[in-house]
Amino acid sequence: MQAHGASPDRAEEAGRLELFGFSARAGGLVIAGRVPRRVADELASGEFIVHFGSEEVPGSGCAGFYPRGAAGEDSLGAIVFVALAERPRGRPTALTTQAVKHRFAVPAHDAIREFAAEAPPKWLAAALLQRVNPPFPGVLIEALLPDWARPTGIVDAMAYDAALGGWLIAGSVALPDFADGETVLRCSLAGIAQVLPAL
């Protein structure tokens, strides 16, 4: 199968694209499929070119990878997000990166499917996007999956202190950077007690 957006004499075909969807809320295109392990590092650069027929659409974004298939297989599942202002016309026919566009392209499967942003496939869940390598940023998961509630911290230990008349709670909390919405700091509260009224 040939990648329609990349000339076979210029770019080796590697893997396949199986699913895509445009999210106006997230401001970009999600593409999922399978790629050889050797291609994962190249896609992790974050500077993509998505081919829509003869049209090349560049965009920055991120890519995450996860085990897929039998153990020992030389392939990984891939989920790629490409920031785009609007949905291009047609279906993606290939994906590559700025750095290696003349060396390889991931072609689209003949039966590549489109999903609606309001109804992403059930497997495209926050649990997967958090566990791909590298994980998707929490702010992007929120945009792609608006029903997902981002964890804001974790309680490691708690004890009731009668002398203080309250609970001592220790753990960690995520602090947002309100300039861009990213969680940029996870500060440890171990050893710092917060006193709450007794229940």
Side-chain angles (χ1 to χ4, degrees), residues 1-68 74-109 112-115 117 120-121 124 126 128-145 150 176-177 179-184:
M1 179 174 61
Q2 293 183 353
H4 302 293
S7 173
D9 60 352
R10 291 191 301 134
E12 173 192 357
E13 293 180 3
R16 66 181 185 181
L17 309 177
E18 301 166 328
L19 191 71
F20 76 100
F22 182 80
S23 170
R25 178 185 171 93
L29 188 71
V30 175
I31 305 175
R34 183 193 295 260
V35 299
R37 291 178 183 273
R38 59 186 170 77
V39 168
D41 286 344
E42 303 289 359
L43 287 178
S45 70
E47 297 297 327
F48 303 104
I49 298 175
V50 187
H51 295 257
F52 289 82
S54 59
E55 182 183 7
E56 293 186 358
V57 180
S60 300
C62 59
F65 307 92
Y66 61 96
R68 180 174 166 183
D74 186 34
S75 64
L76 294 169
I79 304 174
V80 176
F81 175 80
V82 185
L84 299 174
E86 58 185 10
R87 186 200 184 287
R89 297 180 61 181
R91 295 170 175 253
T93 52
L95 173 72
T96 187
T97 68
Q98 294 282 2
V100 296
K101 61 183 179 180
H102 299 304
R103 292 212 323 258
F104 84 83
V106 184
H109 190 278
I112 187 172
R113 294 180 292 117
E114 183 173 7
F115 67 87
L124 188 62
L128 176 60
L129 296 179
Q130 289 175 295
R131 288 173 174 78
V132 293
N133 184 27
F136 272 38
V139 67
L140 178 55
I141 299 176
E142 284 182 356
L144 292 171
L145 307 172
R150 183 204 296 224
D177 176 351
D180 61 9
E182 291 280 4
T183 297
V184 296

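The two residues A63 and V80 come nearest to each other via the heavy atoms CB-CG2, 3.9 Å. Scanning both residues, P58 and Q98, for their nearest heavy atoms gives CB-NE2, 3.5 Å. Of all heavy-atom pairs between A108 and P92, the closest is CB-O, 3.3 Å. For S75 against R34, the heavy-atom pair with the smallest separation is OG-NH1, 3.1 Å. For P120 against F115, the heavy-atom pair with the smallest separation is CA-CD1, 3.8 Å. Contact detail for V106 and G15: the closest heavy-atom pair is CG1-C, 3.9 Å.
No side-chain heavy atom of F65 sits under 4.5 Å from any side-chain heavy atom of V132. Side-chain contact check for C62 versus L140: some heavy-atom pair is nearer than 4.5 Å.
To the nearest 0.5 Å, the span separating CD1 on I112 from CZ on R16 amounts to 10.5 Å. Here the straight-line distance linking atom CD of E56 with atom OG1 of T93 works out to 9.5 Å at 0.5 Å rounding. For the atom pair CG (L95) and CD1 (I49), the distance works out to 9.5 Å, reported to the nearest 0.5 Å. Remark: L19 CG to E114 CD distance equals 9.0 Å, nearest 0.5 Å. Distance check, rounded to the nearest 0.5 Å: CG of L43 to CZ of F48 gives 6.0 Å.
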After noting the C-alpha distance and the side-chain angles of T96 and H51, does the key distance pass the side-chain contact (heavy atoms from CB on, under 4.5 Å) rule? CA-CA 8 Å; T96 187; H51 295 257; 3.8 Å; yes

task = Determine, stepwise, if the pair L129 / L145 fulfils side-chain contact (heavy atoms from CB on, under 4.5 Å).
result = CA-CA 10 Å; L129 296 179; L145 307 172; 4.0 Å; yes

### Task
Test R37 against D74 for side-chain contact (heavy atoms from CB on, under 4.5 Å), laying out the working first.
CA-CA 6 Å; R37 291 178 183 273; D74 186 34; 3.5 Å; yes

Please report the C-alpha distance between R91 and F20 in whole Å, then the side-chain angles of each, then the deciding distance to 0.1 Å, and finally whether the side-chain contact (heavy atoms from CB on, under 4.5 Å) criterion is met. CA-CA 8 Å; R91 295 170 175 253; F20 76 100; 3.8 Å; yes

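At least one donor-acceptor pair closer than 3.5 Å links the side chain of R87 to the backbone N or O of G90.
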